[in-house]
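Lettering follows sequence order; numbering is per chain, from 1.
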Amino acid sequence: MTKPRVRFAPSPTGYLHIGGARTALFNWLWARKTGGTFILRIEDTDQERSTDEAVQVIFDSMRWLGLDWDEGPHVGGDCGPYYQMQRLDLYREHAERLIREGSAYRCYCTREELEAQRNKLPEKKRAHWVYPGTCRERRDEPNLPFVVRQKLPREGHVAYTDLVCGDMNIPCDTMQDQVLMRSNGVPLYNFGAVVDDVTMGVTLVARGKDHLINTPPQILLYRALDAAVPQFAHLPMMLTPKGEKMSKRLADQQGIDVPVGKYRDKGWLPDALLNYIARFGWGSGDQEIFSRDELIEKFDWSHVGNHDGRYDTKKALWVSAEHLRKRSDDDLSAMVLPFLASRGLAVSPTDARLAPAVRTVRPRSSTLADMADAMDFYFRDEPAVDAKAAEKFLTVEAKGLLTELAAVVEGLTGEVNEVAYHTAVEAWLVSKGLEIKAVAQPARVALTGRTASPGLYEVMAVLGQAVTVARLRKAAA
RNA sequence: GGCCCUGUCGUCUAAUGGUACAAGAUCGCGGGUUUUCACCCCGCUGACACGGGUUCGAUUCCCGUCAGGGCUGCCA
C-alpha cells in the first residue's frame, strides 16, 4: 500500500489563520502518523491579494508551530515548483486538454456582459444568477480574450464518501460551468488545486468544510483528466463564540486571536496551540492535554466530528497554562527572556534569580507574557508600586512593623533560603504576639508593589537578603 | 432564494437501539487549603432542538419542522 501524500495549500493573502493552522495540523499529523508525505504548496493565483510578505508569514508561522514540510518551498521535491504562479504552463496544458476532449470550453463573454445580465435580475435574485452557457457549444475561435469554463453534465449526480462527512451525493444541475482559467491565463482555485493535486500525487485532501461544495465539480475534473480521485476529509468550521465565521474583524470584536503569529507574540507554547486546535473537532476519550507525539499517535479521522464548533478563549488559555506547567524551570527561563526583554528588562540568561523566579510565577501564568508580567518586580531596581495598595497597606503602624521586619531579615546569617526567612519571621512574630496576617500585605506591597504575588518567603528568597531589606526599609520610610 | 453540511450541559468533546439517574474537560457557583493571588482538593448547577414514524424499546435509525453554519466570484 502506498503511503499517503497530503498537503496544506494556503493562499498568502495576510497571515496564517488559526483555522488554517488546524487544517495544516491535521494533514501533518496524518503524514507523520502514517509515514506519509506532507506537502506545502503556495496558492498565490489571486494576484490582487497575494504578497511576498504574506508568504513569509506563512513560513514563519508553520515553523513556529513546528509543522515541517517534506516537499515545498525551501525543501524542494520531485513535484515542484510549489508556487502556483510558477506552474502556469501546467495549467494551460491541462486546460487545453480538457477543451480538446470536450470537458471544458472557451468562453468569450466579457465580464461586463455577464454583469449586465446579472443586473437585469431584481436585486434579491442576483445571488442565484448562473452562467447561462452561452459559449458552451461555440465552435469558432475568434481572436478575443476568453476564459476557460468547465463543461458540466446537465444531469446526473456526483457521489463520493467523505472521511468526515460520510456519503455525499450532489446533483449536477446544482453546479454551474465555473471558470477554470482567467483570461490572463492564471487558473482559479478549483482548477489549480486539482491540477496540482493530480500532478503532485496527493492521495488525501483534508481542508475546511467551506470547500465541501467545491468537491463535486473537482471530482468531475479528476475524472476528465483520467486521474485517481483522492480521498476527501472536510473539517468542521471554527466559528467565533457567537457562532459566526471567524473573520478578522469579528474575531477582533470578540477578543479572539485569529493570526497564528498573535499566539507566538502573546507567549503561547506552540505545542499548546496545537493541542487546543487539535481538540477542536477531534477528541480521544477523556484526554484533554496531549503532547505533540501523543497527537501523532492518537490522531484518527474516525474521531473527527462533523459539526462546527465555537472558539472558547477561556478553555484555550487553560490549555496554554497546562502546557506551561509541564515545562521545566530552565526551559521556561530561556523562553521567557524575550518577553522580559520586550518589557525593558535585560535579564541575563545566567542570572541566578531567573529559574527560581520562574518557579514562583508558573502556577499563576497562562502564557509566557503573563509570566513576564508576573516576574517584573524581581528584576526592576524598584518595584512598580500600586498606589492604591500602598495607601491601603503602608500605614504608619505597618511601617513600624516593616522596619522591624527589615532588621530581622538583615540579622540572618549563614545560608539564607526560603526556610530561613520563614523560621526567622515566625520567631519574630511569636515574640511580638502577632500573626503573619499583620504584616503579610504590607510586606508584599513593599517587596512586589502589588497585593497579589507568590508567597512572601519565596519572594524573599529570590530577591535575596540585601534587596529584601532595602525594599522593606524603603517602604517603611 | 437555491444547494450542501450540522444540531448532546454556556463551550469543546464522550458514549449508546435496552447495565445509564447521558460521561469528561472548560467556564460559572459554593466550600476546603492558605500570608495575598494562583495552583491544588471537594462539591453543585447544567444537555440529547421540536414533531412524527420504524421498533417490544430511540438520545442513538428514518422523515418533517425549526435553528445554526457554509457555498452561491475571472477569491481561496
Side-chain angles (χ1 to χ4, degrees), chain A residues 9-13 20 43-46 48-50 107 109-111 114 118 124-130 145-149 162 164-166 168-171 173-176 178-184 186-190 192-193 207-216 234 236-239 241 243-245 276 279-289 303 305-319 321-322 325 360-366 374 389 393 422 425 429 435-445 448 450-457:
Chain A
S11 63
T13 55
E43 303 208 334
D44 52 358
T45 55
D46 183 346
E48 302 272 304
R49 298 194 301 149
S50 297
C107 169
C109 300
T110 66
R111 215 191 290 242
L114 299 178
R118 179 190 293 250
K124 280 186 179 174
K125 291 195 170 181
R126 283 179 200 167
H128 71 243
W129 177 86
V130 294
F146 61 88
V147 299
V148 178
R149 283 185 188 273
D162 191 286
V164 173
C165 299
M168 306 290 294
N169 193 16
I170 287 83
D173 61 12
T174 64
M175 312 172 202
Q176 63 169 314
Q178 63 174 337
V179 175
L180 264 20
M181 294 281 278
R182 296 172 170 92
S183 46
N184 65 2
V186 177
L188 271 89
Y189 167 73
N190 272 329
R207 79 243 285 203
K209 219 157 80 172
D210 46 340
H211 291 296
L212 198 56
I213 208 79
N214 288 324
T215 307
H234 286 94
M237 304 292 288
M238 284 181 87
L239 307 173
E244 307 142 301
K245 192 178 186 183
Y276 180 70
R279 282 282 294 107
F280 208 100
W282 172 84
S284 179
D286 285 346
Q287 190 169 352
E288 294 287 346
I289 301 301
H303 286 92
N306 60 351
H307 69 267
D308 301 341
R310 302 178 183 205
Y311 185 93
D312 183 346
T313 307
K314 298 239 174 95
K315 176 125 186 204
L317 277 176
W318 175 78
V319 172
E322 288 293 309
R325 286 179 203 127
T360 67
V361 300
R362 175 167 38 193
R364 297 165 168 78
S365 310
S366 295
F393 292 110
H422 194 340
V425 174
L429 286 167
E435 289 185 8
I436 182 67
K437 289 189 188 194
V439 284
Q441 288 303 81
R444 192 181 313 283
V445 173
T448 72
R450 326 171 179 192
T451 55
S453 81
L456 278 180
Y457 308 121

Of the listed B:C40, B:U6, B:C4, the closest approach to the A:Arg325 side chain comes from B:C40

State, with a plain yes or no, whether a side-chain heavy atom of A:Ile170 is found less than 4.5 Å away from one of A:Ile213. no

Taking any heavy-atom pair under 4.0 Å as a contact, classify A:Gln176: base, sugar-phosphate, or nothing. sugar-phosphate

I want to check something: taking the side chain as every heavy atom from C-beta on, are A:His303 and A:Ser284 in contact at a cut-off of under 4.5 Å? no

Answer with base, sugar-phosphate or nothing: what part of the nucleic acid does A:Gly208 contact at a heavy-atom distance below 4.0 Å? nothing

Distance test, side-chain N/O of A:Arg182 to OP1/OP2 of B:G73, below 4.0 Å: no

Specify the separation, in whole Å, of atom CE of A:Met168 and atom C1' of B:C5. 7 Å

Is A:Asp162 close to A:Leu212 at the side-chain level, that is, under 4.5 Å between some pair of heavy atoms? yes

Scanning both residues in full, the closest heavy-atom pair of A:Leu188 with A:Arg182 reads CD1-CG, 3.4 Å

Tell me the interatomic distance from A:Tyr189, atom OH, to B:A76, atom C1', rounded to whole angstroms. 7 Å

Give a yes or no on whether the backbone of A:Lys315 and the side-chain of A:Tyr276 come within a donor-acceptor separation of less than 3.5 Å. no

What nucleotide, of B:C75, B:A76, B:G73, holds the atom closest to the side chain of A:Glu43? B:A76

Starting at CG of A:Leu180 and ending at P of B:G73, how long is that distance when rounded to a whole Å? 15 Å

Without swapping roles, check the side chain of A:Arg149 against the backbone of A:Gln178 for a donor-acceptor pair under 3.5 Å. no

A:Lys209 (side chain) donor-acceptor with A:Asn306 (main chain) under 3.5 angstrom: yes

Nearest-angstrom distance from the residue atom CZ of A:Arg207 to P of B:C71: 13 Å

Rounding to the closest angstrom, what is the interatomic distance between B:C12 and B:G70 at atom P? 15 Å

A:Leu212, nearest nucleotide to its side chain (from B:U13, B:C3, B:C5): B:C5

Which part of the nucleic acid, if any, lies within reach of A:Cys107 when heavy atoms closer than 4.0 Å are counted: base, sugar-phosphate only, or nothing? nothing

Atom C1', compared across B:C71 and B:C29: separation rounded to whole Å: 42 Å

Can you tell me the base-pairing partner of B:U34? Count Watson-Crick or G-U wobble geometry only, both distances below 3.5 Å, and say none if there is no partner. none

Look at all strands and tell whether A:Asn214 reaches a base, only sugar-phosphate, or nothing, counting heavy atoms closer than 4.0 Å. base

Side chain of A:Phe280 only, please: which of B:C4, B:G73, B:C12 is the nearest? B:C12

Gap in Å between the two P atoms, one belonging to B:C9 and one to B:G46, rounded: 14 Å

Distance check, C1' atoms only: B:G51 and B:C66, in whole angstrom units. 10 Å

Suppose we define a pair by two distances each less than 3.5 Å, Watson-Crick or G-U wobble; what does B:G43 pair with here? B:C29

Work out how far the P atom of B:G30 is from that of B:A23, and round it to whole angstrom. 24 Å

Expected string for nucleotides 20-35 of chain B under the B/S/- scheme (protein heavy atoms, under 4.0 Å, primed atoms plus P, OP1, OP2 as sugar-phosphate) is ----BBSS-------B

In whole angstroms, the gap separating P of B:U11 from OH of A:Tyr311 amounts to 17 Å

Short side-chain N/O contact to B:C71 OP1/OP2 from A:Lys245, under 4.0 Å: yes

Rounded distance (Å) that lies between atom C1' of B:U11 and atom CE of A:Met238: 12 Å

Between CD on residue A:Glu288 and CZ on residue A:Arg279, distance to nearest 0.5 Å: 4.0 Å

Residue pair A:His211/A:Glu244 against RNA chain B: nearer the 5' end by closest nucleotide is A:Glu244

Nucleotide opposite B:A20 in a Watson-Crick or G-U pair, distances under 3.5 Å: none

Please tell me if A:Ser284 has a side-chain N or O lying less than 4.0 Å from either OP1 or OP2 of B:U13. no

Assigned partner base of B:G1, Watson-Crick or wobble definition, under 3.5 Å: B:U72

Using atom P of each nucleotide, how far apart are B:U26 and B:C39 to the nearest Å? 10 Å

Calculate, to the nearest 0.5 Å, the distance between atoms CZ and CZ belonging to A:Arg444 and A:Arg450 respectively. 11.5 Å

In this structure, how many angstroms lie between the P atom of B:C75 and the CZ atom of A:Arg111, rounded? 6 Å

Out of B:C12, B:C74, B:C5, whichever nucleotide has its closest atom nearest the side chain of A:Asn306: B:C5

For A:Thr13, does its backbone N or O pair with a side-chain atom of A:Ser11 as donor and acceptor, under 3.5 Å? no

Is it true that atom CD of A:Glu435 has more than 12 heavy atoms of other residues, nucleotides or ligands lying nearer than 6.0 Å? no

Between the side-chain atoms of A:Arg364 and the base atoms of B:C37, is any donor-acceptor pair under 3.5 Å? yes

For a quick check of understanding: with a heavy-atom distance under 4.0 Å over all strands, which category does A:Ser11 fall into, base, sugar-phosphate or nothing? sugar-phosphate

Paired to B:C66 by Watson-Crick or G-U wobble criteria (both distances under 3.5 Å) is B:G7

Counting only distance, no hydrogens or angles, is the base of B:C74 paired donor-acceptor with the side chain of A:Ser183 under 3.5 Å? yes

What is the nucleic acid contact for A:Val179, judged by heavy atoms within less than 4.0 Å: base, sugar-phosphate only, or nothing? sugar-phosphate

Take atom P in B:A47 and the same atom in B:G32, then report the distance between them in whole Å. 28 Å

Would you kindly give the OH-to-C1' distance between A:Tyr276 and B:U13, to the nearest whole Å? 11 Å

Quick check for you: among B:G69, B:G73, B:C74, whose closest atom lies nearest to any side-chain atom of A:Arg118? B:G73

When you match A:Ile170 and A:His303 each to their closest nucleotide on RNA chain B, which lands nearer the 5' end? A:Ile170

Shortest side-chain distance from A:Ala452, nucleotide among B:C75, B:G73, B:C37: B:C37

Now, which nucleotide makes the Watson-Crick or G-U wobble pair with B:U55, with each of the two distances under 3.5 Å? none

Quantified in whole Å, what is the P atom distance between nucleotide B:C40 and nucleotide B:U45? 22 Å

